[in-house]
Every structure is written in C-alpha cells, then in structure tokens.
Enquirer: 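Take a look at the following structure, please.
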Amino acid sequence: MFGWFGKVSFVPYSKVSDFAVHLKGGRLMGSECSDCGFATFPPRADCPECLSGRFTFRESSGRGSIYTYSRIAAAPTGFEDEVPYTVAVVDLEDGGRLLGWIGETIPEDEVEIGMEVQVVPRLFEEIEEIRVTYTIERPGTTWGKAPAFDEG
Amino acid sequence: MPRVGVIGAGHGVFGRRSDATVQELAFEAFRLAIEDAGIERDDIDASVIGAVPEYHKQRSVAGVVQEYLGLTPAPTWLTEVACASGSAAIRTAYMAISSGLHRVVAVIGCQKMTELSTPEILALMGRVGEVQWESVFGTTFPGYYAMFATRHMHEFGTTREQLFEVAIKNHHYGAKNPNALFRKEITMEKAMGSDPVASPLCVYDCCANADGAACLILAAEERAGELGDRVVWLDGVGCATSSMSVLRRPDLVGLPSARAAARTAYEMAGVSAGDVKVADVHDCFTIAEIMAYEDLGFCPKGEGGRFIEDKRSYIGGDVAVNVDGGLKAKGHPIGATGVSMAYEIVTQLRGEAEERQVPGADIGLTHNVGGIGQYTFVHVFRRG
Amino acid sequence: MELGLSGRAAIITGGSLGIGRAIAIELAREGADVAVNYRRHDAAATDVVAEIERIGRNGLCVKADVSSLADAESMVDQVLQAFGRFDILVCNAGITWDGVIWKMSEEQWDRVITVNLKGYFNYNKVAALHFKDQKYGKIVNISSINGMRGKFAQSNYSASKGGEIALTKSLAKELGKFNVNVNAVAPGLVLTDMMEKVPPEFKNAALAETVVGRFATPEDVAHLVAFLCSDRSRHITGEVIKIDGGQYI
C-alpha cells in the first residue's frame with residue numbers, strides 16, 4: 001500500500017504503509033511515539049529518541065509555510081509528462097516538514113519563501129490504479145475526507 | 001598517531017571515455033601514480049577502490065579493478081558514499097596505515113558514468129534524495145541544490161551573476177588542465193542564455209557526468225620519509241554526516257556536514273581556514289562552491305557570492321579554489337572526484353602545477369561531498 | 001437491519017410513480033431526505049413529496065426531462081440548497097417505445113436511447129462530480145433483465161438497458177478510489193400502474209417465466225435499492241443484481 005504514494009513509487013512496503021491509506025481517505029498523517037510522545041512528520045515507525053517501535057498516527061492540519069522551492073525543468077524518468085513542476089519544502093504548523101508539489105491554486109510566479117500554504121491530500125484521479133499524493137495550495141483550500149476506513 | 005604521506009599521484013583524462021572500461025581507466029591513473037612514486041607493485045600492501053557501483057554493468061568493481069592492476073592477492077575493498085567515494089577511499093587508506101595494519105596503500109578512484117542508457121541514468125538521478133518521501137515527487141540532484149540556492153538568494157541576496165562567476169572561474173582554469181572534460185572558457189553572456197534545469201539553476205550551473213580515474217599512493221611516515229621532499233602529508237582527516245533528507249536538515253544554506261568535517265580536519269592538522277592557500281571544493285553546482293567558501297571558513301556565512309565576485313578565490317586571491325577546473329570543467333566521475341581533488345592539491349603543494357601553480361602553496365585542502373550533503377570529507381594536506 | 005441512511009440526501013429520477021416512487025418512500029423511511037425528478041405527473045410528484053414529509057423527512061420534487069444535462073446540474077444545486085448535502089443517486093427514469101427494427105423509426109430509437117441511456121449519463125455525471133470531491137457516494141442505476149438478454153420488439157429499450165449496465169461497470173472502476181459505489185439493479189416484470197395497461201397474455205407469459213409464480217412489487221425493488229444505498233453494502237460495486245423472481249436465470 002505504501003506503493004500507492006507518489007507519481008512514481010520506489011518503496012512498496014514500509015512499517016508506516018497506512019500513511020498512504022489515510023492519504024487516500026483525505027488525511028495527512030504524522031506519527032507519535034507511544035512510549036515517549038515524540039511526534040514528527042513524515043511519520044516513522046522507530047522512535048529516534050527512545051528507540052521504541054510502537055507508534056500511532058497523528059493527523060496533521062497540513063497548514064504551514066514555504067521554506068524553499070525550485071521549479072524543475074529537467075525531469076527524472078517517470079516524471080516526463082509532469083514537467084515543469086515546482087517542488088517546495090513546507091514547514092508544518094503542527095511540527096515536521098514536508099516536500100511536495102505546488103498545486104494549481106498557486107500560480108508559479110506567486111510562489112514565495114515564507115508564504116502560508118495548505119497541504120491537501122490528493123488522488124491521481126484520471127488513472128485506473130490507485131495513486132495518492134498531496135499538493136501545496138492556498139490557505140483555505142478544502143477537500144473531502146472519506147469515513148475512516150476502519151469504521152464499520 | 002604516526003603521519004601518513006602521499007608518495008605518488010596519477011590522474012587520467014576525464015571525459016566520455018567510450019574507449020575504455022572502468023578497469024582500463026583505473027590502470028591509466030595507477031600507472032602514472034606508481035611511476036611517480038618510484039615503487040613496484042609488490043610494495044603495495046592493499047588497495048582501496050572508490051567507485052559507485054550502480055552506474056557500472058560490472059558487479060563488485062573493486063575486485064575487477066584490483067585484478068587488472070595486478071594487485072591480487074593483496075586485500076582490496078570498495079568504499080561508496082556517492083560522490084565522496086574517492087575521499088572515503090583516502091580516509092580508509094589513512095586508517096589502514098595509521099592503525100599499523102598496512103604500510104603502503106594504493107587508492108584508486110575510478111568511475112564510468114556512461115555505461116548505462118539515458119533513461120537508466122535519468123532514473124538514478126531521480127533517486128538521489130530520500131526515495132520514500134522525496135523522490136516520489138520527482139526531485140533531482142540539481143533540484144536539491146536549486147532549493148539551497150533559492151534559500152541562499154533569499155537570505156543573503158546572492159545573485160544569479162555571482163553563481164555564474166563560479167562557472168566562469170572554473171572553466172577559465174579548466175581550459176589549462178589537459179585532463180579536464182571541458183577545455184573552453186565561457187562568458188557571462190553564454191551562461192545567462194543557458195537552459196533552465198531547476199530554478200534558479202541553469203545548464204551552466206551544473207557539472208557534467210564524465211568517466212575517469214585518479215590514483216594516490218599513501219604510505220606510513222617512515223616509508224614516506226625515505227622519498228625526500230616530494231612527499232605531501234595528509235595531516236587533517238575530517239568527516240561528518242548530516243541528515244540525508246532535507247526535511248530534517250537544520251539549514252539549507254550550507255552543509256552542516258561540511259562545517260563539522262572542516263572543524264575536525266583543521267584541528268587535527270593544527271591549521272585554521274586562513275592558512276589554506278589552495279583548495280579543491282565540491283562544485284557539483286555553482287551554489288555548492290559558494291556555500292563551500294562559507295562552510296570552510298574562507299568567508300563569513302552569506303558572503304560567498306561577494307567572495308567570488310571580488311575574485312578572492314582566483315590565484316592571487318585569499319585562497320585559490322578549484323584551479324584544476326573543479327567538477328564544473330573536469331566533469332564528475334563520481335567515484336574518482338575525491339581522488340582527483342587530492343591529486344590537484346598534492347601537485348600544487350609539490351610546486352608542479354605549471355601554469356596553474358598557486359605561488360607559495362604550503363597548506364591545501366580538499367572538500368568532497370556525497371549526494372546532497374549527507375556526507376562530507378575534508379582533508380588537509382601539508383607540503384613536505 | 002439498521003441501514004444507517006439517517007441524515008443522507010438522495011435524488012431519484014423518475015420518482016413520481018411506480019418503482020421510483022416506492023424507492024423514494026423507502027429511502028425516506030430509512031431516514032434520508034429525498035428529491036424526486038419527474039417529467040409529467042405533477043400531482044403524483046407532489047403526492048410523493050407529501051408522503052416523504054409525512055414520514056418525517058424533507059422532500060423536494062423537480063420537473064425536468066432527464067435528457068437535459070443542464071437540468072441535471074440545476075437539480076443538484078437545488079438539492080444542495082434544500083438539503084445541504086447530496087449522497088445518493090438512483091436513476092430510474094425510463095421509457096419504452098416498442099417495434100420490430102424494420103419498422104422502428106429513427107425518432108423511436110433516438111428518443112428511447114436519449115431518455116434512458118443519456119439520461120443516466122447526465123445524472124451519473126453530475127453525481128460523480130459531487131461524490132468524488134466529498135469522497136462518498138452511492139449510485140444505483142435501475143436497468144432490466146431485458147438489458148441482459150434480448151427482447152423481441154425492444155431493440156431500443158434493451159440496448160439502452162444493456163448500455164446502463166456497461167455504464168455502471170465503467171463508473172464503478174472510475175469512482176471506486178473515491179469511496180463511491182456504483183451498482184445496477186435488473187428487475188424483471190414489476191407490478192406498477194403502467195403494467196395495468198399491458199394485455200393479459202403478455203403478463204401471463206412473463207409470469208410463466210418466473211420460478212416463484214408472481215411478479216415483483218415496487219416495494220420488493222425498493223428494499224434491494226435501499227440496501228445498495230447503505231454502508232451495509234459498502235463492499236459491493238460494479239455489480240448487477242437481478243430481482244426477477246427467477247424470470248431470467
């Protein structure tokens with residue numbers, strides 16, 4: 001299931017595979033160590049502070065600001081149809097950092113270091129397979145969340 | 001710890017070497033190095049190969065290279081830390097000698113970058129960052145340094161022109177280096193017209209892939225001392241790592257691993273930044289050289305752009321940087337680069353760099369970065 | 001079975017009479033607000049709304065020819081305005097206009113295909129747009145066993161009903177990742193007012209096809225549809241369920 005994440009995936013499995021399942025349902029999840037409370041984004045199964053392997057997912061609001069960015073004109077294999085695209089590093093309000101694509105609500109010439117943004121979970125909609133990602137949009141952008149998948 | 005010295009150095013021609021295999025390239029540099037050292041192959045106790053395996057069709061390159069060089073049955077192994085593999089090989093040889101396990105060790109940095117097809121190479125380019133959270137968005141090697149540049153320009157006002165000044169300097173010196181891939185100077189006009197790669201970096205900000213090899217022979221103090229004043233001492237050996245992922249780097253306007261490695265190397269060699277007369281730094285992208293000036297303490301943080309603009313890194317300036325052309329003009333055979341840097345510093349400290357000689361060079365430095373800054377090796381050399 | 005439709009909002013096309021009416025009322029009984037689209041029978045449509053309100057839910061009727069996409073878009077807007085949400089679509093509006101092919105006019109063919117198949121496209125499209133954004137939706141397209149087999153003198157009707165099944169399956173594939181279920185229900189003969197006018201020998205022939213010896217009531221169909229509109233059937237999608245008393249096995 002982690003293999004759902006990204007335009008091209010290099011990681012089919014991970015101890016945090018459910019990150020991709022949550023993302024499909026519209027939820028951006030970081031992790032919290034069950035033993036010492038260390039919280040981070042992106043999520044990780046093994047606590048760097050206390051070495052515990054027990055963790056829970058913790059939802060991030062996705063609100064943050066741009067730390068840096070670059071518009072990529074020369075694409076690696078698998079991204080040829082996406083080029084040019086802008087990648088940005090976002091400092092998240094509720095902790096951690098994220099790298100993602102600038103989305104359609106932010107015109108390319110308006111991207112600025114320090115601007116407030118909203119990270120939005122996305123599905124690649126027009127392909128048959130399930131692929132999930134997130135984009136970096138204007139604050140206030142809304143999106144749908146499916147009922148949590150483990151509810152009856 | 002006993003001193004370790006460089007007793008021989010050799011450098012092959014970097015370029016699109018479709019005329020040779022990786023072991024044949026290694027032999028070119030090795031032959032020159034042992035002739036330079038005036039030793040026989042039997043004098044070599046072990047070899048360390050710096051090469052990055054995933055670009056080669058041949059699996060386990062170390063064994064093939066060492067056999068071709070005629071060094072079997074002596075021990076050999078590969079060191080790999082991306083673009084710093086050559087320096088890792090030097091560090092490993094240093095460790096082997098200063099531990100007393102070996103007396104004379106050959107270090108061969110060798111790399112073919114052109115054996116794979118273009119799509120295979122482009123696919124590898126996309127996996128240079130953390131594949132789990134970053135490569136899925138199509139980040140590329142230039143893309144990362146471009147993000148560092150965007151931030152550096154924002155925080156310090158570094159300009160587009162200042163970045164190109166690095167390329168202009170390195171091509172200026174590369175034109176005088178018979179082993180370099182690119183032998184022509186470039187102009188600011190030419191650079192400004194080049195195609196974008198990842199904003200703000202353009203083609204002229206980026207080093208090119210190349211095939212090539214370089215070789216160093218290192219020896220324990222008592223063996224090195226027998227060879228008179230052409231020995232160059234490896235007195236400072238620094239290495240540090242930093243977060244692989246940009247998501248956990250404390251700052252993106254410099255390389256924390258470079259600063260830490262330099263601190264260690266300076267302290268070990270008993271020098272400070274101001275003592276360094278000649279340096280080869282890792283200019284995979286123009287911004288990388290500007291950040292290197294700052295990380296190595298040649299100028300304060302944020303002033304790297306002005307440093308190059310004022311020509312303080314040219315011969316005759318505060319410290320001559322990349323006067324062999326750097327990665328920019330030489331090309332970047334990633335496993336070989338670290339050893340190529342050391343070759344240049346050794347040559348300079350011996351006074352044998354001819355038209356590119358830095359006058360009075362007595363302390364030199366190499367700064368070799370792996371990947372997007374997760375590993376940096378800084379070596380300080382001293383004239384014998 | 002607790003279907004959990006409480007608070008949901010549904011659109012039923014062709015909801016003023018027969019099967020459509022029964023579905024509308026059943027969904028209201030299960031707790032949903034219901035809007036019915038209808039073409040001609042104003043009084044009947046108003047009566048359905050009254051019944052929905054008597055049950056205690058919100059009701060709405062909208063007059064429109066299902067072959068207009070613009071009207072379909074407008075109906076969704078009206079439902080969002082009136083109920084504040086939209087979660088369920090049941091496409092039921094359909095017509096017949098029988099004839100053997102060598103006597104069937106272009107108009108006979110076009111009209112049946114347009115109302116039946118294009119009409120389902122229109123409402124499935126407007127629903128899909130809304131459901132995929134909210135990552136929730138249930139679509140039930142009422143087809144017919146005569147879309148799964150051929151029927152004499154109904155090439156136009158059968159083609160449209162068969163087309164609705166293929167449409168349903170394609171949309172199930174497109175919308176699955178958005179948590180939207182798309183299924184088809186294929187009744188055999190159902191006893192509605194429309195069926196009263198049908199000649200006895202026709203009805204007897206159909207009765208003889210069944211294994212249970214009776215016809216479906218509109219409520220029989222409505223029970224199945226309600227199940228497919230609920231989260232109880234969340235793992236069923238792209239499916240065609242016959243409800244024909246064994247008429248076509």
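All figures in this text were calculated on a predicted structure; none of them were measured in a lab. Atom set for the values below is all heavy atoms of this structure, side chains included, hydrogens, waters and symmetry mates excluded. In what follows, chains are A, B, ... by sequence order, proteins preceding strands, each numbered from 1.
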Enquirer: Name the option with the most non-hydrogen atom pairs under 4.5 Å to chain A; the candidates are B:G138, B:A123, B:G126.
Expert: B:G138
Enquirer: Excluding sequence neighbours, so at least two apart, what forms side chain to side chain contact (heavy atoms under 4.5 Å, CB included) with A:A74?
Expert: B:V197
Enquirer: How about B:K190: does its NZ atom have over 12 heavy atoms from other parts shown lying under 6.0 Å from it?
Expert: no
Enquirer: With B:N170, which residues qualify under side-chain hydrogen bond (donor to acceptor under 3.5 Å, both in side chains), at least two apart?
Expert: B:D283, B:E289
Enquirer: What's the shortest heavy-atom distance between B:L247 and A:L99, and which atoms?
Expert: CD2-N, 3.6 Å
Enquirer: Using non-hydrogen atoms and a 4.5 Å limit, figure out which bit of A:V87 sits close to chain B: side chain, backbone, both or neither.
Expert: both
Enquirer: Check each atom of A:V16 against the heavy atoms of chain B and say whether the ones under 4.5 Å are side chain, backbone, both or neither.
Expert: side chain
Enquirer: For A:A73 versus B:P196, what's the shortest heavy-atom pair and its separation?
Expert: CB-O, 3.5 Å
Enquirer: Under a 4.5 Å cutoff for heavy-atom pairs, which residue among A:G78, A:G114, A:G96, A:G100 has the most contacts with chain B?
Expert: A:G100
Enquirer: Can you check side chain to side chain contact (heavy atoms under 4.5 Å, CB included) on B:V136 and A:V8, steps first, answer last?
Expert: CA-CA 5 Å; B:V136 292; A:V8 176; over 6 Å; no
Enquirer: Pull every donor-acceptor pair under 3.5 angstrom between chain B and chain A and give the atom names with distances.
Expert:
{"unit_1": "B:P119", "atom_1": "O", "unit_2": "A:T77", "atom_2": "OG1", "d": "2.7"}
{"unit_1": "B:A123", "atom_1": "N", "unit_2": "A:T77", "atom_2": "OG1", "d": "3.0"}
{"unit_1": "B:Q132", "atom_1": "NE2", "unit_2": "A:S14", "atom_2": "OG", "d": "3.0"}
{"unit_1": "B:V136", "atom_1": "O", "unit_2": "A:K7", "atom_2": "N", "d": "3.3"}
{"unit_1": "B:F137", "atom_1": "O", "unit_2": "A:W101", "atom_2": "NE1", "d": "3.0"}
{"unit_1": "B:G138", "atom_1": "O", "unit_2": "A:Y85", "atom_2": "OH", "d": "2.7"}
{"unit_1": "B:M147", "atom_1": "O", "unit_2": "A:T68", "atom_2": "OG1", "d": "2.6"}
{"unit_1": "B:T150", "atom_1": "OG1", "unit_2": "A:Y69", "atom_2": "O", "d": "2.8"}
{"unit_1": "B:R151", "atom_1": "NH1", "unit_2": "A:Y67", "atom_2": "O", "d": "2.8"}
{"unit_1": "B:V197", "atom_1": "O", "unit_2": "A:A73", "atom_2": "N", "d": "2.8"}
{"unit_1": "B:V197", "atom_1": "O", "unit_2": "A:A74", "atom_2": "N", "d": "3.2"}
{"unit_1": "B:S199", "atom_1": "N", "unit_2": "A:S70", "atom_2": "OG", "d": "3.2"}
{"unit_1": "B:S199", "atom_1": "N", "unit_2": "A:R71", "atom_2": "O", "d": "2.8"}
{"unit_1": "B:S199", "atom_1": "O", "unit_2": "A:S70", "atom_2": "OG", "d": "2.6"}
{"unit_1": "B:S199", "atom_1": "OG", "unit_2": "A:R71", "atom_2": "N", "d": "2.7"}
{"unit_1": "B:V246", "atom_1": "O", "unit_2": "A:R97", "atom_2": "NH1", "d": "2.9"}
{"unit_1": "B:R249", "atom_1": "O", "unit_2": "A:R97", "atom_2": "NH1", "d": "3.2"}

Enquirer: With only heavy atoms counted, which part of A:P12 is less than 4.5 Å from chain B, the side chain, the backbone, both or neither?
Expert: neither
Enquirer: Can you list everything that forms a salt bridge (charged side-chain N to carboxylate O under 4.0 Å, His left out) with B:K330? Sequence neighbours excluded, please.
Expert: B:D280, B:D324
